[in-house]
Protein chains: 2
Amino acid sequence: MKLVEAGEPAAGEYRLDDQIGFILRRAHQRHVALFAAHIADLTPPQFAALAKLRDIGETSQNQLGQLVAMDAATIKGVIDRLKARGMVELGRNDGDKRLIMVRLTDAGRRAVEELVPLAEKITAETLSPLTSREVDTLVRLLAKIA
Amino acid sequence: MKLVEAGEPAAGEYRLDDQIGFILRRAHQRHVALFAAHIADLTPPQFAALAKLRDIGETSQNQLGQLVAMDAATIKGVIDRLKARGMVELGRNDGDKRLIMVRLTDAGRRAVEELVPLAEKITAETLSPLTSREVDTLVRLLAKIA
DNA sequence: CGAAATTCATTCGTATGCAAATGATATCAG
DNA sequence: CTGATATCATTTGCATACGAATGAATTTCG
């Protein structure tokens, strides 16, 4: 008498490898590794900040952080490192003196433009185990839980 | 004349928010936040190590790291903190003197047993925006790219 | 108007996560 | 058997990531 089908956990059993959190973490790890393999001198969060700045132009540090899903402490570190490398420059805001405005430098803009094709390749490679139908489905479902 | 449908990027356009890497990062962030909300005194990697140890029994530190997708440096830190809290204990291996064997303490085992129901709740809550069909699909596709 | 609440940026502490270098131990090849 | 290779654990350095506390500036509200 077979009590449990193959691959189906018994009631009450907890399989780490089947948990969404564990799988999410591994999928994210793989993506970061592929990113590093193609773009060695910039991290995904750094590139995200540059790409977002290119799209929206100058913004405050915190605002940028919200747009790229980083809290205040995290975006500060990212911006500090991008600034040290001459990719962004900072300035005060006339209206609201609390704000630190961030904008791309010419070098930063050139870097984004150069890297976007590589970033597209990274996205494609990350998704390469899937059919294009599956890609659409995955992105849609993932966005739902993000 | 409409050149681009709403939601469809023009050729060559790169939308950060649609990239799998960015969405993966946000989904992972949300899961970690939900985890912390339910299990305040343990991180997901720490719980993963405990859960895996419960399933497979004593192993070497590196072996455990491979099973929970952490490199040697990372698993060491996780084990150090679990050891400091009395959840695991370490020992030398008779056959191979390089190995550090790791096993659950009684307290560690009790902790896992107590936390598994909460972990199941976290998994369910992370996936709550999806139907059960969508859950199966997401897990399957995510596992493919992980 | 002016006190209270909010927002922005910064700092500190803790915890992953990974690359690279190192020393100890095992294994393999000749 | 022994030198070359490989594995295990450790350490250092760097980069997210977030909670909590802080000070400055702004907004809200009574």
Side-chain angles (χ1 to χ4, degrees), chain A residues 21-22 24-37 39-50 59-85 87-88 90-102, chain B residues 21-22 24-37 39-50 59-85 87-88 90-102:
Chain A
F22 187 68
L24 268 176
R25 183 169 137 264
R26 289 196 298 117
H28 182 243
Q29 277 176 354
R30 173 162 171 270
H31 174 262
V32 172
L34 290 175
F35 192 101
I39 302 181
D41 61 335
L42 224 51
T43 64
Q46 287 167 2
F47 178 74
L50 293 181
T59 3
S60 75
Q61 196 174 268
N62 267 17
Q63 174 69 17
L64 179 59
Q66 286 181 9
L67 293 170
V68 293
M70 300 176 207
D71 71 5
T74 301
I75 190 65
K76 182 187 190 304
V78 172
I79 293 301
D80 280 352
R81 286 180 283 276
L82 290 175
K83 175 170 176 265
R85 296 173 51 177
M87 312 278 250
V88 301
L90 307 184
R92 286 277 168 192
N93 182 290
D94 295 331
D96 189 334
K97 291 178 196 164
R98 294 170 307 178
L99 303 186
I100 302 284
M101 303 307 289
V102 189
Chain B
F22 187 68
L24 268 177
R25 183 168 138 266
R26 289 196 298 115
H28 183 244
Q29 277 177 353
R30 173 161 171 271
H31 174 263
V32 172
L34 290 175
F35 192 100
I39 301 180
D41 61 334
L42 225 50
T43 65
Q46 287 167 3
F47 178 73
L50 292 182
T59 2
S60 74
Q61 196 175 267
N62 267 16
Q63 174 69 18
L64 179 59
Q66 286 181 8
L67 293 171
V68 293
M70 300 176 209
D71 71 6
T74 301
I75 190 66
K76 181 186 190 305
V78 172
I79 293 301
D80 279 353
R81 287 180 283 275
L82 289 175
K83 174 168 177 267
R85 296 173 52 177
M87 311 278 250
V88 301
L90 307 184
R92 287 276 168 194
N93 183 289
D94 296 330
D96 190 333
K97 291 179 198 164
R98 295 170 305 178
L99 304 186
I100 302 283
M101 303 307 287
V102 188

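The chains referred to below are lettered A, B, ... by the order of the sequence lines, with proteins before strands, and numbering in each begins at 1.
No donor-acceptor pair under 3.5 Å is formed between the side chain of A/Arg85 and the backbone N or O of A/Leu42. In this structure, A/Arg26 contributes its side chain and B/Ala69 its backbone to no donor-acceptor pair below 3.5 Å. Between the side chain of B/Arg25 and the backbone N or O of A/Val68 there is at least one donor-acceptor pair closer than 3.5 Å.
Within 4.0 Å (heavy atoms only), B/Arg92 reaches no atom of the nucleic acid at all. Within the nucleic acid shown, B/Gly65 has no heavy atom closer than 4.0 Å to any nucleic acid atom. Across all strands, B/Asp71 comes closer than 4.0 Å to base atoms (heavy-atom distances). Within the nucleic acid shown, B/Val78 comes within 4.0 Å of sugar-phosphate atoms alone, with no base atom in reach, counting heavy atoms only. Here A/Thr43 lies in heavy-atom contact (under 4.0 Å) with sugar-phosphate atoms only.
In this entry the distance linking CG of A/Asp96 with P of D/dT28 reads 12 Å, nearest Å. Nucleotide C/dA15 holds its P atom 15 Å from the NZ atom of B/Lys83, rounded to whole Å. Rounded to an integer number of Å, the gap from A/Leu90 CG to C/dA9 P is 10 Å. The CG-C1' distance, from B/Leu24 to C/dG17, rounds to 16 Å in whole Å. The nearest whole Å value for the distance from the CD1 atom in B/Ile79 to the P atom in C/dG17 is 13 Å. For the pair A/Ile39 CD1 and D/dA15 C1', the interatomic distance rounds to 16 Å; values are reported in whole Å. As rounded to whole Å, 14 Å separates atom C1' of D/dA24 from atom CG of A/Asn62. Following rounding to the nearest Å, A/Gln29 (CD) and C/dC18 (P) show an atom-to-atom distance of 4 Å.
Listed nucleotides C/dT10, D/dT10, C/dC8 differ in distance to A/Gln61; the shortest reach to its side chain belongs to C/dT10. Closest approach to the B/Lys76 side chain among C/dC18, D/dT26, D/dT11 is made by D/dT11 (side chain taken as heavy atoms from C-beta onward). Considering only the side chain of A/Lys97, D/dA25 comes nearest among D/dC18, D/dA9, D/dA25.
Of all heavy-atom pairs spanning B/Asp41 and B/Gln46, the tightest one is O-OE1, 4.3 Å. When every heavy atom of B/Ser60 is checked against every heavy atom of B/Val102, the shortest pair comes out as C-CG2, 4.4 Å.
Along DNA chain C, the nucleotide nearest to A/Leu99 and the one nearest to B/Met70 differ in position, and the one closer to the 5' end is contacted by A/Leu99. Looking at which nucleotide of DNA chain D each of B/Val32 and A/Arg85 is closest to, the 5′-most match is held by A/Arg85. Where B/Arg81 and A/Asp80 meet DNA chain C, the nucleotide closest to each residue was compared, and A/Asp80 sits on the side nearer the 5' end.
Contact of A/Arg98 with C/dT7 (side chain to base): a donor-acceptor pair of N or O atoms is detected under 3.5 Å.
In terms of phosphate contacts, B/Gln46 brings a side-chain nitrogen or oxygen within less than 4.0 Å of OP1 or OP2 of C/dT16.
Note that the CG atom of A/Asp80 and the CD atom of A/Gln61 stand 7.0 Å from one another [nearest 0.5 Å].
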